[in-house]
**Student:** 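So that we are looking at the same thing, I have put the structure below in structure tokens.
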Amino acid sequence: QVQLVESGGGSVQAGGSLRLSCAASGYTYSNYFMAWFRQAPGKGRQGVAVIDSEGTTSYVDSVKGRFTISQDNARNTLYLQMNSLEAEDTAMYYCAAQKSQWSWFFRFSAAAYSYWGQGTQVTVSS
């Protein structure tokens, strides 16, 4: 049984930093993508950062240069380093992992991911 558990969220002032972690247990799909999504109140779930098994990364434009996604070699833990946080980054952040391989074209689509964590709240005050 695959379980994803996020941690590291909290409240920070604009310009601050947070590091999110996602502990993955039972996840043996080593060739697929893992990602961070976020959902702000009243908005849809948005893909933020994606990493494949070879370490190739991709970011949504609004976080480029500020966020960094990474993983340990065994893909047991996924990270999201968030710097220069802005009020617009306030959201619930979710870790996601694939069960089957989708095209890289769909990397920011929630439909491409079968496993989800429960989320960790990030609140940025201006």
**Student:** Supply the atom-to-atom distance Ser126 OG to Glu86 CD, rounded to the nearest 0.5 angstrom.
**Tutor:** 11.0 Å
**Student:** Arg66 and Ser84: side-chain donor and acceptor closer than 3.5 Å?
**Tutor:** no
**Student:** Please check: side-chain N/O of Gln98 versus main-chain N/O of Phe33, any donor-acceptor pairing under 3.5 Å?
**Tutor:** yes
**Student:** Any idea which heavy atoms bring Gln71 and Asp52 closest together, and the distance?
**Tutor:** NE2-O, 3.2 Å
**Student:** Given Ile69 and Tyr59, is the side-chain contact (heavy atoms from CB on, under 4.5 Å) satisfied, shown in steps?
**Tutor:** CA-CA 9 Å; Ile69 188 172; Tyr59 301 91; 3.5 Å; yes
**Student:** Which heavy atom of Phe108 sits nearest a heavy atom of Val60, and at what distance?
**Tutor:** CZ-N, 3.6 Å
**Student:** Quick one, Val50 with Thr57, criterion side-chain contact (heavy atoms from CB on, under 4.5 Å). Give me CA distance, side-chain angles, the key distance, then yes/no.
**Tutor:** CA-CA 5 Å; Val50 179; Thr57 60; over 6 Å; no
**Student:** Any chance you could lay out the side-chain contact (heavy atoms from CB on, under 4.5 Å) test for Gln121 and Thr90, step after step, and finish with the verdict?
**Tutor:** CA-CA 8 Å; Gln121 178 68 38; Thr90 295; 4.1 Å; yes
**Student:** In terms of hydrophobic clusters joined by side-chain contacts under 4.5 Å, are Val5 and Leu20 together?
**Tutor:** no
**Student:** Hydrophobic clusters here meaning ILVMFWY residues chained together by side-chain heavy-atom distances under 4.5 Å, can you tell me if Met92 and Leu18 are in one?
**Tutor:** no
**Student:** If we ignore hydrogens and angles and just use 3.5 Å, is the side chain of Glu6 paired with the main-chain N or O of Cys22 as donor and acceptor?
**Tutor:** no
**Student:** Has Arg38 got its NZ or CZ under 6.0 Å from the middle of the six-membered ring of Tyr94, at an angle within 45 degrees of the ring axis?
**Tutor:** no
**Student:** Side-chain heavy atoms under 4.5 angstrom apart, residues restricted to Ile, Leu, Val, Met, Phe, Trp, Tyr: same cluster for Val48 and Leu85?
**Tutor:** yes
**Student:** Mind listing the closest non-hydrogen atom pair of Asn83 and Ser17 along with its distance?
**Tutor:** OD1-OG, 3.0 Å
**Student:** Give me the ring orientation class for Tyr115 and Tyr27: parallel if the planes are under 30° apart, tilted from 30 to 60°, perpendicular past 60°.
**Tutor:** perpendicular
**Student:** Looking only at heavy atoms, what is the nearest atom pair of Leu80 and Trp36, with distance?
**Tutor:** CB-NE1, 3.4 Å
**Student:** Is it the case that the side chain of Tyr113 and the backbone of Phe37 share a donor-acceptor pair, with hydrogens and angles ignored and the cut-off at 3.5 Å?
**Tutor:** no
**Student:** Is the closest side-chain heavy-atom distance between Met82 and Val122 below 4.5 Å?
**Tutor:** yes
**Student:** Considering non-hydrogen atoms only, spot the tightest contact between Ser62 and Gln46 and give its length.
**Tutor:** OG-NE2, 4.3 Å
**Student:** Closest approach of Ala91 and Ala40, non-hydrogen atoms and distance?
**Tutor:** CB-N, 3.8 Å
**Student:** Just do the side-chain contact (heavy atoms from CB on, under 4.5 Å) check on Gln13 and Val124 with the steps written out, would you?
**Tutor:** CA-CA 5 Å; Gln13 290 193 333; Val124 184; over 6 Å; no
**Student:** CD of Gln118 to SG of Cys95: how many Å apart, nearest 0.5 Å?
**Tutor:** 9.5 Å
**Student:** Verify, without hydrogens or angle tests, whether Thr120 (side chain) and Gly9 (backbone) share a donor-acceptor contact under 3.5 angstrom.
**Tutor:** yes
**Student:** Would a hydrophobic clustering, with Ile, Leu, Val, Met, Phe, Trp and Tyr connected at side-chain separations under 4.5 Å, put Trp116 with Ile51?
**Tutor:** no
